[in-house]
Amino acid sequence: QVQLVESGGGLVQPGGSLRLSCAASGSLFSINAMGWYRQAPGNQRESVATISNGGNPNYADSVKGRFTISRDNAKNTVYIQMNSLKPEDTAVYYCNVQGVRTTSRAVTPFLSWGQGTQVTVSS
């Protein structure tokens with residue numbers, strides 16, 4: 001119902017930077033919270049950062065001070081700027097968007113996930 005397309009992943013050396021983007025598309029929807037999650041081989045999917053409808057960010061302790069989440073409501077897009085990358089940041093990163101779809105007859109909540117983008121930090 002609401003599609004998310006991610007971009008910006010790749011290979012980077014330790015200490016380097018990447019910026020991921022996630023754009024939402026569809027019709028008759030409004031976005032509330034957005035977030036980024038990641039999953040490394042052998043690990044559970046974990047929250048990296050979230051940002052509220054009002055723009056208030058929250059970060060996992062492991063990325064605090066290194067990553068910055070932001071959003072552009074006009075473009076229905078959420079970003080994460082990742083600096084000082086470490087090998088342990090290597091994972092598939094997924095964006096997540098929650099909101100509502102609205103018609104004249106119904107207001108329906110939704111939760112959508114991006115397709116995932118690989119981030120590899122290695123020398």
Side-chain angles (χ1 to χ4, degrees):
Q1 54 183 18
V2 177
Q3 304 295 318
L4 308 183
V5 178
E6 301 180 28
S7 62
L11 174 65
V12 65
Q13 294 184 348
S17 298
L18 286 173
R19 190 192 193 205
L20 307 182
S21 300
C22 174
S25 63
S27 62
L28 302 175
F29 71 93
S30 296
I31 295 173
N32 293 322
M34 299 180 174
W36 289 94
Y37 295 72
R38 67 186 182 188
Q39 187 167 20
N43 294 100
Q44 299 183 84
R45 185 173 298 188
E46 63 177 347
S47 176
V48 176
T50 60
I51 185 166
S52 71
N53 190 41
N56 295 321
N58 287 286
Y59 300 96
D61 288 341
S62 59
V63 308
K64 195 170 298 182
R66 300 187 297 121
F67 292 10
T68 302
I69 188 171
S70 61
R71 62 191 289 172
D72 185 336
N73 291 337
K75 297 181 178 180
N76 290 324
T77 300
V78 61
Y79 308 91
I80 188 160
Q81 177 69 44
M82 305 186 294
N83 298 327
S84 302
L85 283 162
K86 304 175 181 179
E88 52 262 43
D89 295 318
T90 296
V92 177
Y93 284 70
Y94 300 88
C95 63
N96 172 269
V97 173
Q98 64 178 66
V100 296
R101 297 188 68 249
T102 303
T103 69
S104 62
R105 291 176 53 83
V107 177
T108 305
F110 71 87
L111 182 67
S112 294
W113 291 90
Q115 81 279 9
T117 185
Q118 178 71 46
V119 171
T120 302
V121 184
S122 176
S123 59

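In this text the structure is predicted, and so the values were computed from the model without any measurement. Side chains included, hydrogens not; waters and symmetry mates left out as well; all remaining heavy atoms used.
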- [ ] Nearest 0.5 Å please: distance from the CD atom of Gln13 over to the CG atom of Leu85.
- [x] 11.5 Å

Task: Min side-chain heavy-atom separation Arg45-Trp113 under 4.5 Å - done: yes

Task: Close side-chain approach of Thr102 to Leu28, heavy-atom, < 4.5 Å - done: no

- [ ] Please examine the side chains of Ser17 and Gln81, heavy atoms only from C-beta on, and report whether any two atoms are closer than 4.5 Å.
- [x] yes

Task: CG-CG distance between Leu111 and Asn96, expressed to the nearest 0.5 angstrom - done: 4.5 Å

TODO: Supply the atom-to-atom distance Ser62 OG to Glu88 CD, rounded to the nearest 0.5 angstrom.
DONE: 8.5 Å

Task: Least distance between heavy atoms, Leu4 atom then Ser112 atom - done: CD1-O, 3.3 Å

TODO: Write down the atom of Met34, the atom of Asn76, and the distance for their closest heavy-atom approach.
DONE: CE-C, 4.3 Å

Task: Same apolar cluster: Tyr37 and Val92, side chain cutoff 4.5 Å - done: yes

- [ ] State the OG-CZ distance between Ser84 and Arg66, to the nearest 0.5 angstrom.
- [x] 7.0 Å

Open item on the list: Counting C-beta onward and ignoring hydrogens, is there a side-chain heavy-atom pair between Leu11 and Ser122 closer than 4.5 Å?
Closed with: yes

Open item on the list: Tell me the closest heavy-atom pair linking Cys95 and Val78, and the distance in Å.
Closed with: CB-CG1, 4.4 Å

Open item on the list: Using 0.5 Å steps for rounding, measure from the CD atom of Gln98 to the CZ atom of Phe110.
Closed with: 8.5 Å

Task: Which atom of Arg71 lies closest to which atom of Ile51, heavy atoms considered - done: NH1-O, 3.7 Å

Task: Spatial distance of atom OH (Tyr79) from atom SG (Cys22) [nearest 0.5 Å] - done: 10.5 Å

TODO: Determine the interplanar angle of the Tyr93 and Phe67 rings, folded into 0 to 90°, and report it as parallel if under 30°, tilted if 30 to 60°, perpendicular if over 60°.
DONE: tilted

TODO: Using a 4.5 Å cut-off on heavy atoms from C-beta on, say whether the side chain of Leu20 contacts that of Glu6.
DONE: no

Task: Ion pair check, Asp89 and Lys86, cut-off under 4.0 Å - done: no

Task: Atom of Val107, atom of Pro109 and distance for their closest heavy-atom approach - done: O-CD, 3.9 Å

- [ ] Indicate yes or no: at least one non-hydrogen side-chain atom of Arg38 is less than 4.5 angstrom from one of Val63.
- [x] yes

Open item on the list: How close do Gly10 and Leu18 get, counting heavy atoms only, and between which atoms?
Closed with: O-CD1, 3.9 Å

Open item on the list: Hydrophobic clustering (ILVMFWY, side-chain heavy atoms < 4.5 Å, transitive) - are Tyr59 and Trp36 grouped together?
Closed with: yes

- [ ] Treating Ile, Leu, Val, Met, Phe, Trp and Tyr as nodes and any side-chain heavy-atom pair under 4.5 angstrom as an edge, say whether Val48 and Val119 lie in one connected cluster.
- [x] yes

Open item on the list: Are Val12 and Met82 connected into the same hydrophobic cluster when the rule is that any two of I, L, V, M, F, W, Y join if their side-chain heavy atoms are below 4.5 Å apart?
Closed with: yes

